[in-house]
Peer 1: 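A single structure is presented below for examination.
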Number of protein chains: 2
Amino acid sequence: MNIKDVAEKSGLPAKTIRYYEEIGLIRPLRQANGYRVFRDSDLHKLAFLGRARSLGFSIEDCRALMALYEDKSRASADVKGVALAQLDRIEAKIAELQAMKRTLSDLVTACAGDGRPECPILVGLAEGACC
Amino acid sequence: MNIKDVAEKSGLPAKTIRYYEEIGLIRPLRQANGYRVFRDSDLHKLAFLGRARSLGFSIEDCRALMALYEDKSRASADVKGVALAQLDRIEAKIAELQAMKRTLSDLVTACAGDGRPECPILVGLAEGACC
DNA sequence: ATAAGGTTTCCAGTCACGGGAAGGTCAAGG
DNA sequence: CCTTGACCTTCCCGTGACTGGAAACCTTAT
């Protein structure tokens with residue numbers, strides 16, 4: 001398989017696949033002409049990476065998860081640890097965004113949104129509505 | 001006021017304040033020795049920027065909000081438009097994170113997290129638990 | 001022979017800063 | 001007067017995870 005095929009099948013852009021090779025997440029073979037050639041195992045790894053990334057795992061998390069994936073004597077506790085840390089980050093981010101949302105929607109609600117210059121949003125930002 | 005005072009009062013790092021000057025968000029004066037000197041109006045702008053940033057507005061949003069803040073003949077509808085767009089982005093991000101959270105917490109729940117190698121998290125990532 | 005559509009590498013840019021170096025300035029103390 | 005230490009300045013590089021684009025090579029079809 002050439003890069004375009006594997007890009008279509010994995011759902012990742014070719015650029016991203018090249019980048020993943022550059023940082024050592026995958027190691028496709030090379031043809032005599034220099035073209036990358038991807039085995040099924042490379043495609044599986046890329047699909048794995050795409051899913052892990054879509055769950056918000058960092059590249060370094062992905063590297064650790066890939067290593068665990070390939071280590072048949074791993075302990076599932078190690079995987080769970082990585083996943084729980086990511087879950088904590090997600091929950092913290094959600095909480096942060098919900099706080100932003102509350103403040104911002106209060107401001108938005110208070111603003112008439114018409115042609116007049118008076119604006120509670122600007123007043124809030126100027127005087128400390130959020131912190 | 002020198003940069004350190006205004007950093008303390010605004011809660012922004014001095015580096016950030018210099019950066020904001022570099023990109024034209026503020027224009028502090030200069031002393032003869034080259035030191036920046038901040039007026040109260042600069043401090044107010046920095047506080048405004050800090051709050052806008054803490055609500056997730058991009059730098060370009062902040063630039064637009066500052067312009068509206070200084071334009072006494074603005075229409076509050078323009079401010080509200082910027083804020084609503086940001087609110088949409090926040091809500092979209094929350095929804096995305098909640099989807100991640102659901103998938104990931106399902107995987108985490110299914111994983112024993114002990115010394116054995118069997119791991120539903122890795123299986124899920126390998127076989128398409130998320131998309 | 002040429003055109004189209006692959007592929008390669010390399011370089012630069014993104015966003016909003018943060019780290020750190022090299023050097024200038026200022027006030028206090030000896 | 002000299003030094004110390006705390007400021008301040010500019011400059012450049014690095015971050016994360018790519019994305020865009022240029023220049024050049026390869027393959028296949030016409």
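So that the names make sense, note that chain A is the first sequence line, chain B the second, and so on, each numbered from 1.
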Peer 1: Near DNA chain C, which residues from residues 4-28 of chain B have a heavy atom under 4.0 Å away?
Peer 2: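 By residue number: Pro13(B), Lys15(B), Thr16(B), Tyr19(B), Tyr20(B).
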Peer 1: Pairs under 3.5 angstrom, nitrogen or oxygen only, protein versus nucleotides 24-27 of chain D, please.
Peer 2:
unit_1	atom_1	unit_2	atom_2	d
dT27(D)	OP1	Asn33(A)	ND2	3.3

Peer 1: Answer yes or no: is there a donor N or O on one side and an acceptor on the other, between the side chain of Thr109(A) and the main chain of Ser105(A), under 3.5 Å?
Peer 2: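 At least one qualifying donor-acceptor pair exists.
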Peer 1: Counting heavy atoms not belonging to Arg116(B), are there more than 12 under 6.0 Å from its CZ?
Peer 2: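 Count not over threshold, so no.
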Peer 1: Please walk me through it: do Arg63(A) and Glu60(A) pass side chain to side chain contact (heavy atoms under 4.5 Å, CB included)?
Peer 2: CA-CA 5 Å; Arg63(A) 201 187 296 279; Glu60(A) 286 317 304; 3.1 Å; yes
Peer 1: Looking at Asp88(B) and Lys93(B), does any basic side-chain N land under 4.0 Å from a carboxylate oxygen?
Peer 2: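 Judged by the 4.0 Å cut-off on N to carboxylate O distance, Asp88(B) and Lys93(B) do not form a salt bridge.
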Peer 1: Give the rounded distance in Å between these two atoms: CD of Glu60(B) and C1' of dC15(C).
Peer 2: 11 Å
Peer 1: Please give, in whole Å, the distance from dC7(D) C1' to Asn2(B) CG?
Peer 2: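 Those two atoms, CG and C1', are 8 Å apart.
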Peer 1: dT9(D), dT7(C), dT8(C): which one has an atom nearest the side-chain heavy atoms of Arg36(A)?
Peer 2: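 The closest nucleotide is dT8(C).
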Peer 1: I'd like to know if the side chain of Lys45(B) reaches the main chain of Ile26(B), judged simply by a donor and an acceptor atom lying under 3.5 Å from each other, with no hydrogens or angles considered.
Peer 2: no
Peer 1: Which other residues end up in the same hydrophobic cluster as Tyr35(B), if Ile, Leu, Val, Met, Phe, Trp and Tyr are linked when side-chain heavy atoms come under 4.5 Å apart?
Peer 2: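 Noted: Tyr35(B) shares its cluster with no other residue.
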Peer 1: Salt bridge or not for Arg30(B) and Glu21(B), using N-O below 4.0 Å?
Peer 2: yes
Peer 1: I'd like to know if the side chain of Ser76(B) and the backbone of Cys119(A) have a donor-acceptor N/O pair within less than 3.5 Å.
Peer 2: no
Peer 1: For the pair made of CZ in Phe38(A) and C1' in dG6(C), what is the distance, rounded to whole Å?
Peer 2: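 Spelled out: CZ on Phe38(A) to C1' on dG6(C) is 14 Å.
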Peer 1: Which whole-number value in Å describes the distance from Met1(B) CE to dC7(D) P?
Peer 2: 16 Å
Peer 1: Arg30(A) has an atom CZ; how far is it from atom P of dT7(C), in whole Å?
Peer 2: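 Taking atom P of dT7(C) as the reference, CZ of Arg30(A) is at 12 Å.
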Peer 1: Nearest whole Å is fine: how far is dT19(D) P from Ile3(A) CD1?
Peer 2: 13 Å
